[in-house]
Amino acid sequence: MSVTPTENTPGHTPEPSQQHLHPTEHTVRAALRSPRLLRTEVLAGLVVALALIPEAISFSIIAGVDPQVGLFASFTMAVAISFLGGRPAMISAATGAIALVIAPVMRDYGYDYLIATVLLGGVLQLLLSLVGVARLMRFIPRSVMVGFVNALAILIFGAQIEHLVDVPWAVYPLVAVGIAVIVGFPRINSVIPAPLVAIVALTAFTLVAAVTVPEVGDQGELPDSLPAWFVPDVPFSMETLEIIAPYALAMALVGILESLLTAKLVDDITDTHSDKTREAMGQGAANVITGFFGGMGGCAMIGQTMINVKVSGARTRISTFLAGVLLLVLVVGFGDVVALIPMAALVAVMIMVSVATFDWHSIQPSTLRRMPKSETTVMVSTVAVTVLTHNLAIGVGVGVLVAMTLFARRVAHMTDTHRELVEDEQGVKAVYRVTGELFFASSNDLYTQFEYAEDPDRVVVDLSDSHIWDASTVAALDAIVTKYERRGTAVEITGLNEASAERHARLTGELP
């Protein structure tokens, strides 16, 4: 991975593993036939597997479960989604967002209720995908996506701080060397992922030089057996459903939102499209499978996905599948070796992931000067809420609400009413020509735009350049007509297009 110059820099030639491949090369069959592509996928899977270990252990601690619960969840999620998901090369595993949602269940009711929550959450994700929740992605503005990416980069970086505080002094030069290797190695060799080189090199150095620094094994005990089939021992009753349903629904919504946003981000990076409905269904099925193997559930991991796609150059389901398989092989078969990896190496990897993830263009002074203030406000609010809550779903939700509010406010001010007195064979009439979109934000002011006391006995409201979008507008027009009629003035509404006429005819006189 090379952070500077970036792949958007003029004159920069991407490394071979990061170049945009032709769509026909983004298939498992093509990768299996090409030693170069297969090597990229295998090495990417290995790097992601190594990066997943401390993350899964950390998220297990957040959820209040044993480390093996998070590690097994990461294995089953990655393997299942490699077959079931709609976005190739995306990594799904145990995540902090899901851990935060389900932690209260573990704390208050125990492990069996936690697994029951994961199972119900997976089922709800399947149901939500069937009713078309993936289509709601079109309502997320670009500024929210930029805020989502920037907030994620900040959270990834912030998660590394705890590994840099109250640690031996040797950690700092090790992290610096790791960053230097990740930045510089691609200039020498683009075949082997630089993060893998940094991990191996720093591990070898700490062992040979006998440097005492925090290691992966310090994060928690690694499992020594394979995951087994597990059915939660909870009463199959309405009482159980009342306990787990709120947490399961929150888990389902958070998981789908993070997964679909990550899928959209990967689409942009790879210049390809993915099946969002299949991805949502795949997440649900993967969580059900994970629950029956005693895992804590999860969703797409944008940090590990960036390692896989942007840093290592993976493009197919092979890397996702191998990330899960190699994770299990490493922790079960080579747990003693993996435990010796210095945390400094993984911190260096994640710091560079956060640097590469952040949209630096969005905060350049030239960009901020050109960008409308409303767009910047949406981006900043998304980042602020996400960082404060440590929940990407809440941040995105707030960002969308802010974007909708500012959009409605902006469009409402684009509505205009022009009055003209016209004389015909029947005498003088007042013609009001209304231009702009009429909905709740703009139509509320429409009532005040008429000169009721000064108008003649006939008034025409010309809506040829307008469109009625909602019941609020129909109610406003009814109020205008009613006020004129009280003065003995006849009102005629003209120029309605077909959709507006149908809505007005259906609702007029029926609204209080």
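Side-chain atoms of R87 and T272 form a donor-acceptor pair, as typed in the model, at a separation below 3.5 Å. Defined by atom type and a distance below 3.5 Å, a donor-acceptor pair is missing between the side-chain atoms of T489 and D457. Between the side chains of S319 and E41, at least one donor N or O sits under 3.5 Å from an acceptor N or O. No side-chain donor from either of N287 and T290 sits under 3.5 Å from a side-chain acceptor of the other. S500 and N497 share a side-chain donor-acceptor pair at under 3.5 Å. For the 3.5 Å distance criterion, the side chains of D108 and Y113 fail to qualify, holding no donor opposite an acceptor.
The side-chain heavy atoms of W469 and F440, taken from C-beta on, include no pair separated by under 4.5 Å. At a threshold of 4.5 Å between non-hydrogen side-chain atoms, the residues E279 and I81 count as touching. For the pair S312 and T40, the minimum side-chain heavy-atom distance is 4.5 Å or more. Counting only heavy atoms from C-beta outward, the side chains of P372 and E375 approach each other to under 4.5 Å. Using a 4.5 Å heavy-atom cutoff, the side chains of M251 and V118 are in contact. F148 has its side chain within reach of I302: a pair of non-hydrogen atoms, C-beta onward, lies under 4.5 Å apart. Here the side chains of V481 and I493 are in contact, with some heavy-atom distance below 4.5 Å. Between V349 and I307 there is a side-chain heavy-atom pair separated by less than 4.5 Å.
The CZ atom of R487 sits 13.0 Å away from the OG1 atom of T482 when rounded to the nearest 0.5 Å. Rounding to the nearest 0.5 Å places OG of S354 at 7.5 Å from CD of Q160. Between atom CD of residue E437 and atom OG of residue S443 there is a gap of 12.0 Å, rounded to the nearest 0.5 Å.
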Could you go step by step and tell me if F292 and L119 meet the side chain to side chain contact (heavy atoms under 4.5 Å, CB included) rule?
-> CA-CA 7 Å; F292 278 123; L119 291 171; 3.7 Å; yes

Passes salt bridge (charged side-chain N to carboxylate O under 4.0 Å, His left out), R458 versus E492? Steps please.
-> CA-CA 8 Å; R458 290 185 300 144; E492 180 185 4; over 6 Å; no

Step by step, would you call D455 with R419 a salt bridge (charged side-chain N to carboxylate O under 4.0 Å, His left out)?
-> CA-CA 10 Å; D455 283 337; R419 175 179 179 267; 2.8 Å; yes

Derivation and outcome, side chain to side chain contact (heavy atoms under 4.5 Å, CB included), residues L261 and L265 | CA-CA 6 Å; L261 285 172; L265 184 60; over 6 Å; no

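Taking the centre of each ring, Y452 and Y447 come in below the 6.0 Å mark. F358 and F157 have their aromatic ring centers separated by at least 6.0 angstrom.
D424 has a carboxylate O that lies under 4.0 Å from a charged side-chain N of K429, or vice versa, which qualifies the two as a salt bridge. Look at D267 and K276 and you find a salt bridge, because one of the NZ, NE, NH1 or NH2 atoms lies within 4.0 Å of a carboxylate O, short of that distance.
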